Amino acid sequence: MFIDTHAHLQDQLYPNLKDVLENAKQNNVQKIICASYDLNSSILSCNLSEEHEEIFATVGVHPENCVEYNEHVEQQLETLCKMQKKAIAIGEIGLDYHYTKENKETQKRVFIAQIKLAHKLKLPIVIHTRDAIGDTLEIVENYSEYIKNGCVFHCFHGSKEVLKIIMDKGFYVSYGGAITFNNANTLREIVSLTPLDRILTETDCPYMSPVPFRGKTNQPKNIPIIAQKISEIKNIEINNLEKILEENTKNIYKI
Ligand SMILES: [Zn+2]
């Protein structure tokens with residue numbers, strides 16, 4: 001089976017969820033991890049995981065929503081994870097300086113708080129980092145004692161050097177539609193350097209549709225296109241890759 005380890009089903013895709021799930025199934029995408037970005041999306045994600053066998057949830061506050069994070073929110077995230085067995089990771093959390101640089105300190109504080117929350121709950125973390133890799137790696141390094149249950153860099157697009165640091169720490173990276181883009185030769189080189197046992201697949205839908213659906217609404221059904229691209233880059237048979245990806249997902253997320 002294929003697995004979409006990072007999909008946002010709570011918004012744009014939600015009204016057509018039945019079709020979205022059916023399309024996924026028909027393309028052998030049998031499990032979907034619904035990634036959250038604030039308290040409301042975390043609640044919705046957990047509800048969806050309860051209603052649908054194939055859906056699992058992450059809960060967490062994205063750096064763009066860091067100002068909403070407080071003790072009350074943290075308490076609710078914790079309760080969600082304790083009540084919902086299918087809440088399998090804290091994410092997406094991290095740093096994003098692309099649009100907002102003025103709240104760097106808040107972003108860092110919220111990122112660290114959620115790393116500690118994941119540690120307390122014995123869950124892995126899902127990291128979003130954009131234009132902020134230096135600070136992200138510094139926090140991951142300084143708080144490594146709190147990251148003992150696994151870590152995924154989602155939608156990975158870092159350099160060789162960054163990849164090496166992440167691999168040396170035993171973390172995972174997940175790749176999405178961007179690896180199929182025409183101008184993504186550098187990223188494909190990074191994929192070629194990534195050990196097979198540390199790769200996960202994701203769509204990050206409804207964003208980041210792979211070629212030939214670029215610009216259209218992305219869906220979990222597109223995972224085989226991404227896996228196919230990885231199999232070409234790594235020169236491995238797609239059926240073998242499928243098993244490895246499934247195993248990797250089980251190892252990190254225990255699903
Ligand atoms: Zn995402």
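Computed from heavy atoms alone, side chains included, the values below leave out hydrogens, waters and symmetry copies. Values in this document were obtained by computation on a predicted structure and should not be read as measured data. When a ligand or atom number is given, it counts from 1 through the structure's own listing order.
- Side-chain atoms of Glu242 and Asn28 include a donor-acceptor pair closer than 3.5 Å.
- Just one of His8, His98, His62, His6 meets the ring-ring contact (aromatic ring centres under 6.0 Å, His included) condition when paired with His128; it is His62.
- Among the backbone and side-chain atoms of His128, no N/O/S atom is found under 2.8 Å from the Zn ion (ligand 1).
- Vertex the Zn ion (ligand 1); arms to His8 NE2 and Glu92 OE2; angle rounded to 10 degrees, 90°.
- The Zn ion (ligand 1) has an N, O or S atom of Asp204 under 2.8 Å away, backbone or side chain.
- Between His119 and Tyr146, the distance from one ring center to the other falls under 6.0 angstrom.
- Checked options Lys86, Lys31, Lys25; the residue passing with Glu54 is Lys25 (criterion: salt bridge (charged side-chain N to carboxylate O under 4.0 Å, His left out)).
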